[in-house]
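Have a look at the structure below, then the notes.
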Amino acid sequence: MKRVVLLGPPGVGKGTQAGFISEKYNMLHISTGDIFRANIKEGTPLGKTAKEYMEKGLLVPDELVCDLVEDRLTWDDCKDGYLLDGFPRTVFQAEHFDAWLKSRGEELSVVLDIQADNEALIFRATGRRVCPACGKPYHIAVMPPAKEGICDYCGAKLIQRADDAEETVRKRLQVYQDQTSPLIEYYTGTGKIAEVDGMKTPEEVFEQICALLGE
Ligand code: AP5
């Protein structure tokens, strides 16, 4: 049973690798970004609040995110472990989450820290297209669908995320640098972190992750 965190800057491939990992290891994938986007689509009060921050490339307030995730992790489908994509994202969230885990007698298995350089991140995020129906991510140059603009899996028309405009991507990278990158030091202190070179192809990145997670 594994509790895994995927850490890394916007566009590094967390969602792509989460798809591979959850398929191979049969792990539940929980993405805070996906939860917020689903709420925005449904027009819920949470979605309305999240949208104000996300469209500016800013983080959603810590308390709101912690309550949301920690509640989600009490659901029955999480009892055999999970893969967190996009949480924690600040030292506040990590400390809150650690205290929450401890109160339940639980701990994380590993934090996979995927890194790539800024130029690659901007190229990846601005070229990303996603399926609005099944959530599968593509890239117009690196991982294109078989038929341009159409999801290979469900046939829906692919869209570009509102926060993938270049200016917003640059803002998200700055926010990552200021608020999320201190987590590397935080988790180094807990001895739970493992580095993954995100500059390789998606398949090579996945090989590194498999070597870390084992069979
Ligand atoms: P979220 O949805 O989590 O976005 P993110 O962390 O910015 O990450 P991305 O989804 O942009 O990228 P990714 O690393 O998943 O890359 P992907 O696999 O898609 O969060 C969005 C927003 O929600 C935040 O800005 C914030 O406002 C809010 N939020 C979420 N969690 C929060 C929290 N905990 N606290 C506060 N606010 C929160 O890949 C990107 C592209 O690259 C794709 O096109 C893919 O095909 C391609 N690609 C993938 N791997 C490779 C590779 N190895 N080589 C070449 N191309 C590749």
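In this text, all values refer to a predicted model and were calculated from it rather than measured experimentally. For ligands, and for the atoms within them, numbers begin at 1 and follow the listed sequence.
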Within ligand 1, which atoms have a heavy atom of [X] less than 4.0 Å away?
| X | value |
| --- | --- |
| G86 | 31 (N), 32 (C), 33 (C), 34 (N) |
| R37 | 2 (O), 21 (C) |
| G15 | 13 (P), 15 (O), 18 (O) |
| M143 | 46 (O) |

Next item on the list: Please work out which of the three classes, parallel, tilted or perpendicular, describes the rings of Y25 and F206, given edges at 30° and 60°.
Entry: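 Geometry flag for Y25 against F206: perpendicular rings.
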Next item on the list: Mind telling me whether F87 and F97 have parallel, tilted or perpendicular rings, with 30° and 60° as the class edges?
Entry: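 F97 vs F87 ring planes: perpendicular.
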Mode of [X] contact toward ligand 1 - side chain, backbone, both, neither (heavy atoms, under 4.0 Å):
| X | result |
| --- | --- |
| R161 | side chain |
| V60 | both |
| T201 | backbone |
| V65 | side chain |
| K200 | backbone |
| V175 | neither |
| Y176 | neither |
| H139 | both |

To the nearest 0.1 Å, how far is [atom] from its closest protein heavy atom, and which atom is that?
| atom | result |
| --- | --- |
| atom 45 (C) of ligand 1 | T16 OG1, 3.8 Å |
| atom 9 (P) of ligand 1 | R128 NH1, 3.2 Å |
| atom 6 (O) of ligand 1 | R89 NH2, 2.6 Å |
| atom 41 (C) of ligand 1 | R124 O, 3.4 Å |
| atom 27 (O) of ligand 1 | L58 O, 2.6 Å |
| atom 7 (O) of ligand 1 | R172 NH2, 2.7 Å |
| atom 16 (O) of ligand 1 | G13 N, 3.1 Å |
| atom 22 (C) of ligand 1 | M54 CE, 3.7 Å |

Between [X] and [Y] (side chain of the first, backbone of the second, donor and acceptor by atom type, cut-off under 3.5 Å), is there such a pair?
| X | Y | result |
| --- | --- | --- |
| K136 | D152 | no |
| T32 | G86 | yes |
| K171 | K56 | no |

Notebook entry, point to check: Distance from F36 atom CZ to S31 atom OG, nearest 0.5 Å?
Noted result: 9.5 Å
Notebook entry, point to check: Does ligand 1 have any atom that is closer than 4.0 Å to a heavy atom of A125?
Noted result: no
Check: Does the pair D164 and R172 meet the rule for a salt bridge (charged side-chain N to carboxylate O under 4.0 Å, His left out), with working shown?
Finding: CA-CA 9 Å; D164 278 344; R172 287 162 59 205; 3.0 Å; yes
Below 4.5 Å, heavy atoms only, C-beta onward: do [X] and [Y] meet side chain to side chain?
| X | Y | result |
| --- | --- | --- |
| D163 | P10 | no |
| P202 | F20 | yes |
| Y176 | V12 | no |
| I184 | Q115 | yes |
| V110 | K2 | no |

Taking N or O atoms only and a 3.5 Å limit, does [X] qualify as a polar contact for ligand 1?
| X | result |
| --- | --- |
| D85 | no |
| V12 | yes |
| T32 | yes |
| Q17 | no |
| V205 | no |

Note to self: As a quick check of understanding, evaluate side chain to side chain contact (heavy atoms under 4.5 Å, CB included) for L28 and D80, giving each step before the final call.
What the structure shows: CA-CA 9 Å; L28 182 71; D80 295 328; over 6 Å; no
From the candidates [options], the one that places a heavy atom nearest [atom]:
| atom | options | answer |
| --- | --- | --- |
| atom 43 (C) of ligand 1 | F206, F92, Y138 | Y138 |
| atom 35 (N) of ligand 1 | E203, Q93, K171, R129 | Q93 |
| atom 40 (C) of ligand 1 | G57, G11, P144, A116 | G11 |

Under-4.0 Å salt bridge between [X] and [Y]:
| X | Y | result |
| --- | --- | --- |
| R170 | E166 | yes |
| D77 | R72 | yes |
| K200 | E207 | no |

Check: In terms of hydrophobic clustering (I, L, V, M, F, W, Y; side-chain heavy atoms under 4.5 Å; direct or indirect links), are L101 and L112 co-clustered?
Finding: no
